[in-house]
Amino acid sequence: MGQCRSFDRPNARQILLTIDLTTDVCEEAISRPVSAIVAYHPPLFKPLSSLRLDNPLQTSLLRCAASGISIFSPHTSVDAMKGGVNDWLVQAFQNVESITPIEPKIQEEEGTGIGRLVSLKQPSLLEDLFPLIKRHLGLQHSGHSNTERGYLAELKVILEDELKKDGGEELEVHQSTRDRDPLDVV
């Protein structure tokens, strides 16, 4: 049997928030004292039969593992939680009458669940709602990856508050400066 090597990163006290784990985000994490990446979108959606260095995503996963950087993807949990992505998306609208989860979580905090059903105080045309949504999301074009990107600042505050409650004050939460949609719009 070979020796077991520790992958601990001494003095790694940062958590890096990103929407997508890209090659640039991987580089950023490795160059800083990062112990974990919180990537909203899971880098893996289906099981892998192998890990290959000729695939950029798999290379990033291997480099993070070899550098002792954990990767956590809370996509659906962050969507469903009260104050999560679904509630943040609703903030685009100003005339909201009610917000209810489409699939409420039983025995969870009220307002927690999958999706949101939003009732507006007055009927609105879609053509009037699109500019509000784009402005709230900071988008010129629509694209799934970018719709949640603005939420990272909110998630940073939530994560910092939770870490303080759990005695994790020595950890710093940073938003990636290199996070961007992995697909370029041309």
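Source: prediction; values computed, not measured.
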With rounding to the nearest 0.5 Å, note down the distance linking [atom1] in [X] to [atom2] in [Y].
X      : Y      : atom1 : atom2 : result
Ile69  : Gln14  : CD1   : CD    : 10.5 Å
Leu44  : Leu51  : CG    : CG    : 8.0 Å
Leu137 : Leu89  : CG    : CG    : 6.0 Å
Asn95  : Gln122 : CG    : CD    : 6.0 Å
Leu21  : Ser73  : CG    : OG    : 8.0 Å
Arg116 : Ser98  : CZ    : OG    : 12.5 Å

Considering all heavy atoms of both residues, which atom of [X] and which atom of [Y] are nearest to each other, and what is their separation?
X     : Y      : result
Ala80 : Asn86  : N-ND2, 4.2 Å
Ile37 : Ala29  : CD1-CB, 3.7 Å
Ala92 : Ile133 : CB-CA, 4.0 Å
Ala12 : Ser35  : O-CB, 3.6 Å
Tyr40 : His75  : O-CB, 3.1 Å
Asp87 : Met81  : OD2-O, 3.7 Å

In the hydrophobic clustering that connects Ile, Leu, Val, Met, Phe, Trp and Tyr at side-chain heavy-atom distances below 4.5 Å, which members other than Ile102 occupy its cluster, ordered by chain and number? Leu117
Audit row: Leu132, Gln94, side chain to side chain contact (heavy atoms under 4.5 Å, CB included) steps and yes/no: CA-CA 9 Å; Leu132 297 173; Gln94 297 147 358; 4.0 Å; yes
salt_bridge(Asp179, Arg149) N-O dist < 4.0 Å: yes
Look at Asp20 together with Arg180 and state whether they make a salt bridge at an N to O cut-off of under 4.0 Å. no
Start with the C-alpha distance between Phe72 and Ile15, add both sets of side-chain angles, then the distance that settles side chain to side chain contact (heavy atoms under 4.5 Å, CB included), and finish with yes or no. CA-CA 10 Å; Phe72 175 66; Ile15 296 171; over 6 Å; no
Table please: side-chain donor-acceptor pairs of residues 153-161 below 3.5 Å, with sequence neighbours left out.
residue	atom	partner	partner atom	Å
Lys156	NZ	Glu160	OE2	2.6
Lys156	NZ	Val173	O	3.4

Assigning hydrophobic clusters by single linkage (Ile, Leu, Val, Met, Phe, Trp, Tyr; side-chain heavy-atom cutoff under 4.5 Å), is Leu129 placed with Leu125? no
Apply side chain to side chain contact (heavy atoms under 4.5 Å, CB included) to Tyr151 and Val78, showing your working. CA-CA 10 Å; Tyr151 182 75; Val78 170; 3.5 Å; yes
What side-chain hydrogen bond (donor to acceptor under 3.5 Å, both in side chains) pairs are there with at least one residue in residues 44-59, not counting sequence neighbours? Arg52-Asp54
Sorted by chain and residue number, the side chain to side chain donor-acceptor pair (under 3.5 Å) partners of Thr177 (sequence neighbours excluded) come out as Glu28
Side chain to side chain donor-acceptor pair (under 3.5 Å) involving His174 - partner list, sequence neighbours excluded: Arg32, Glu172
Are side-chain heavy atoms of Arg63 and Cys26 found at a separation under 4.5 Å? yes
Test log, rule side chain to side chain contact (heavy atoms under 4.5 Å, CB included), inputs Asp79 and Ile114: CA-CA 7 Å; Asp79 283 355; Ile114 303 297; 5.8 Å; no
Let me have the donor-acceptor pairs involving side chains of residues 104-112, under 3.5 Å, with sequence neighbours excluded, atom names and distances please.
residue	atom	partner	partner atom	Å
Thr112	OG1	Glu109	O	2.9

